[in-house]
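Everything below concerns the one structure shown next.
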Amino acid sequence: MKQYIEKLIKSSFDKLCAAGELSTAYPKVQIDASKDLQHGDFACNIALALAKEAKRKPRDVAEMIVKNLPSSPRILKVEIAGPGFINFFLTPQAFQAIIPEILTAGKNYGRVDIGKGQRILVEFVSSNPTGPLHVGHGRHAAYGAVVSDLLEYIGYSVHREYYVNDAGRQMDILAVSVWLRYLELCGETFPFPANAYKGDYIVAIAKNLKEKYDRNLFKLTKDVFVDLPLDEPAGGDKEIYIDALIARTKKLLGEDFYLQVFDLTLETILTNIREDLAEFGVTFQEWFSERSFTQTDIVDRHIAQMQKDGLVYEQDGALWFRSSNYGDDKDRVLQRANGMRTYFANDLLYHIHKFERGFTSAIDIFGSDHHGYIPRMKAGLQAYGIAPERLTYLLVQFVTLYRGGEQVQMSTRSGSFVTLRELREEVGNDAARYFYVMRKCEQHMDFDLDLAKAKSNENPMYYVQYAYARICSVFRQLAEKQITFTPEEGLAHLELLTQPQELKLLATMAEYKDVIVSAATLHEPHQLTQYLRELANDFHTYYNACQFLVEDAHLRAARLILIMAVRQVLGNGLQLIGVSTPENM
RNA sequence: GCACCAGUGGCUCAGCUGGAUAGAGCAACGGACUACGAAUCCGUAGGUCGGGGGUUCGAAUCCCUCCUGGUGCACCA
């Protein structure tokens with residue numbers, strides 16, 4: 001409808017230009033659905049935008065535009081108001097036309113083709129496989145999934161990717177943690193390292209290890225801990241201590257056995273993460289392994305290329321990337337003095353590789369604590385000749401859990417955290433999905449478990465689902481009362497839909513496409529939850545104001561076809577955010 | 001110290017590519033079931049949009065500055 005009105009305005013504008021009344025360029029105009037019914041259905045600000053350049057009063061410009069508007073069966077009247085807004089009042093027919101459009105498109109109502117099939121890579125969650133997903137990851141998962149689905153809905157070809165950090169020191173600490181628990185299961189006792197992973201899942205993996213290998217991986221405690229530096233509780237440094245312990249473990253077990261422990265640990269945790277996400281309705285096209293990527297020669301080749309291009313220099317035995325030439329605060333190390341590549345080096349090349357794989361753009365959904373990382377990554381891409389705008393960072397703020405009015409303390413290392421799985425079991429997938437995307441991503445989220453569990457009417461998800469179920473219930477009543485109804489009957493009498501509540505519902509439904517496009521392009525799923533609440537509210541209001549199953553067969557059919565369209569839009573929206581559409585509750 | 005995000009009714013938030021009287025929900029108060037589900041609806045009350053400057057026809061929105069909260073500033077990942 002907006003586009004339609006814009007066309008009318010453009011036509012009037014062109015006419016004025018041709019007549020020499022106006023000589024300015026067509027400005028950026030805004031056409032918005034009015035908040036206040038007194039301001040009509042849509043308002044346009046073109047006169048205010050033009051006034052300055054045309055050197056006329058806004059209201060005069062508005063008058064000229066209105067005078068030259070082509071007439072249309074969809075426009076009831078046009079008024080000039082306030083400082084120079086042009087308000088459009090639509091005819092009921094204009095609203096009613098939305099119903100056949102919705103019902104014809106069905107599940108695809110709302111789909112548009114803005115993306116034109118462009119390939120876009122969305123990387124999200126990418127949590128280190130060092131433990132189960134917790135509630136923070138859940139927000140990333142839900143948000144990333146909905147953003148991806150929305151982009152797909154507007155015509156992009158979306159590739160959802162999980163970057164598996166299966167290399168590096170954290171993974172070694174994890175493997176050692178498991179092995180030490182294994183030793184305990186073999187009957188050894190010793191103080192557990194301060195910096196090791198302590199969650200129950202570590203013990204569970206150790207049990208598997210014990211079952212699979214019995215005592216084949218066993219080493220005596222005294223051999224493991226002999227001549228190690230002091231751990232933190234003893235006054236030492238926990239980082240130095242754990243590194244020494246990793247080296248000792250590798251030495252005692254040998255490379256093959258160490259890898260067995262490592263792989264079993266990784267596989268167990270990764271499988272758990274995969275299943276957890278799948279149950280949450282979040283799936284990926286690709287699980288991209290850091291380890292296998294860094295084992296290729298791509299990384300070395302790219303670093304060599306950067307050296308050749310003069311983007312890199314050597315200092316204190318390390319290899320530095322001149323990121324400060326590209327807007328970063330300082331230069332960054334790619335290769336440490338000990339010959340090891342930094343995480344940044346691998347990650348940068350991974351991102352370059354994304355574009356080499358043919359994606360026109362990429363989105364990274366990261367925790368907001370990574371914000372400082374963005375400039376160096378963009379610098380790296382730019383240095384490589386990849387326009388930094390092709391990579392978009394979406395930063396997701398933390399989730400704080402409240403239970404019994406108190407903040408739940410969370411720490412991955414100490415193992416005291418609430419997992420996504422626990423959350424899903426407590427509040428259900430639907431509520432979790434809905435709540436996670438209800439807030440814009442950069443907004444810090446307080447998640448009150450008691451409230452979410454309460455399943456009271458404070459939960460906006462129930463409100464929307466209830467509207468859907470209520471409509472289903474009406475159609476069940478229809479069957480019980482053996483009233484016949486066909487969509488054709490309804491479509492034939494749309495002109496009977498003239499009640500204010502009916503026009504409001506039609507107007508809200510007509511906005512759906514705009515909401516989808518806006519939510520998708522701005523990566524703001526909360527716009528959709530907000531919209532669904534409004535549509536549900538319009539329906540509930542209608543429900544209380546008018547009866548559907550009335551005597552008059554024509555009116556009845558028209559009303560039924562209307563709520564059928566409402567059900568379609570509610571269903572499409574709920575599906576997009578990954579929430580079920582129960583026919584009764 | 002530098003950087004990023006946030007600061008809107010009692011609470012949780014929307015509005016932020018400048019637009020008409022700042023919107024919802026919850027909580028509070030008052031109403032509506034002999035009708036398709038009252039898990040609903042309708043109404044009332046409640047706000048110096050963190051403070052102060054500026055830009056302009058117009059600022060919650062843009063600029064500057066200050067204050068508060070969170071986060072980040074490794075040859076860790």
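The basis for the numbers below is simple: all heavy atoms, side chains too, and nothing from hydrogens, waters or symmetry mates. Within every chain, numbering begins at 1; the chains are lettered A, B, ... in the order of the sequence lines, protein sequences first and strands thereafter.
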> In terms of the nearest nucleotide of RNA chain B, which residue is placed more toward the 5' end: His540(A) or Arg376(A)?
Replying inline: His540(A)
> The side chain of His526(A) lies closest to which of these nucleotides: C41(B), G15(B), C36(B)?
Replying inline: G15(B)
>> For the P atoms, the ones on G58(B) and on U71(B), what distance do you get once it is rounded to whole angstrom?
In response: 41 Å
> Choosing from C75(B), A77(B), A38(B), which nucleotide comes nearest the side chain of Ala337(A)?
Replying inline: C75(B)
> Under 5.5 Å between ring centres and under 30° between planes: true for Phe85(A) and the base of A20(B)?
Replying inline: yes
> Lys330(A) side chain: which of A74(B), U40(B), C41(B) is closest?
Replying inline: A74(B)
>> Tell me whether the side-chain N or O atoms of Asn45(A) pair up with the base of A20(B) as donor and acceptor below 3.5 Å, since no angle test is needed here.
In response: no
> Does the gap between the ring centers of Tyr393(A) and Phe366(A) come in under 6.0 Å?
Replying inline: yes
> Taking syn as any angle within 90 degrees of 0 and anti as the rest, which one fits C33(B)?
Replying inline: syn
>> Can you see if the side chain of Asn544(A) gets near the phosphate of A32(B) - specifically, an N or O under 4.0 Å from OP1 or OP2?
In response: no
> What dot-bracket string describes RNA chain B from 5' to 3', counting Watson-Crick and G-U wobble pairs whose defining distances are under 3.5 Å, with [ ] for crossing pairs and | for pairs to another strand?
Replying inline: (((((((..((((.....[...)))).(((((.......))))).....(((((..]....))))))))))))....
>> Quick one about Asp364(A) and His351(A) (side-chain donor to acceptor, distance below 3.5 Å, no hydrogens or angles considered), yes or no?
In response: yes
> Taking the side chain of His371(A) as heavy atoms from C-beta outward, which of C36(B), C4(B), A77(B) is closest to it?
Replying inline: C4(B)
>> Nearest to the side chain of Asn128(A), heavy atoms from C-beta on, is which of U12(B), A77(B), C36(B)?
In response: A77(B)
>> Which label fits His353(A) and Phe293(A): parallel for a plane angle under 30°, tilted from 30 to 60°, or perpendicular past 60°?
In response: tilted
>> So if I take every side-chain heavy atom of Lys440(A) and compare against A20(B), G15(B), C75(B), which nucleotide ends up nearest?
In response: G15(B)
> Which is true for Ala467(A) with a 4.0 Å heavy-atom rule: it touches a base, it touches only sugar-phosphate, or it touches nothing?
Replying inline: nothing
> Taking the side chain of Arg533(A) as heavy atoms from C-beta outward, which of G25(B), U71(B), C41(B) is closest to it?
Replying inline: G25(B)
> Thr541(A) side chain: which of A14(B), A77(B), C42(B) is closest?
Replying inline: C42(B)
>> Assuming nearest nucleotide by heavy-atom distance, tell me which of Phe398(A) and Glu442(A) is located more 5' along RNA chain B.
In response: Glu442(A)
>> Can you check the distance between U68(B) and G51(B), where both ends of the measurement are the P atom (answer in whole Å)?
In response: 15 Å
>> Is the ring pair Tyr350(A)/Tyr163(A) parallel, tilted or perpendicular, if the boundaries are 30 and 60 degrees?
In response: parallel
> Side-chain donor-acceptor pair under 3.5 Å between Gln170(A) and Tyr197(A), yes or no?
Replying inline: yes
>> So if I take every side-chain heavy atom of Gln443(A) and compare against A6(B), A20(B), C41(B), which nucleotide ends up nearest?
In response: A6(B)
>> Suppose the criterion is salt bridge (charged side-chain N to carboxylate O under 4.0 Å, His left out): which pairs have a residue in residues 463-481 of chain A, not counting sequence neighbours?
In response: none
> CG of Asp328(A) versus P of C73(B): gap in Å, rounded?
Replying inline: 13 Å
>> From C-beta outward on Gln397(A), which listed nucleotide comes closest to its side chain: C36(B), U40(B), C5(B)?
In response: C5(B)
>> So, does Arg470(A) get its side chain near the phosphate of A38(B), meaning an N or O under 4.0 Å from OP1 or OP2?
In response: yes
> Taking atom types as modelled, is there a side-chain donor on Tyr434(A) or Asn459(A) under 3.5 Å from an acceptor on the other?
Replying inline: no
>> I want to check a possible cation-pi pair here: Arg567(A) against Phe475(A), using under 6.0 Å from ring centre and within 45° of the ring axis as the test.
In response: yes
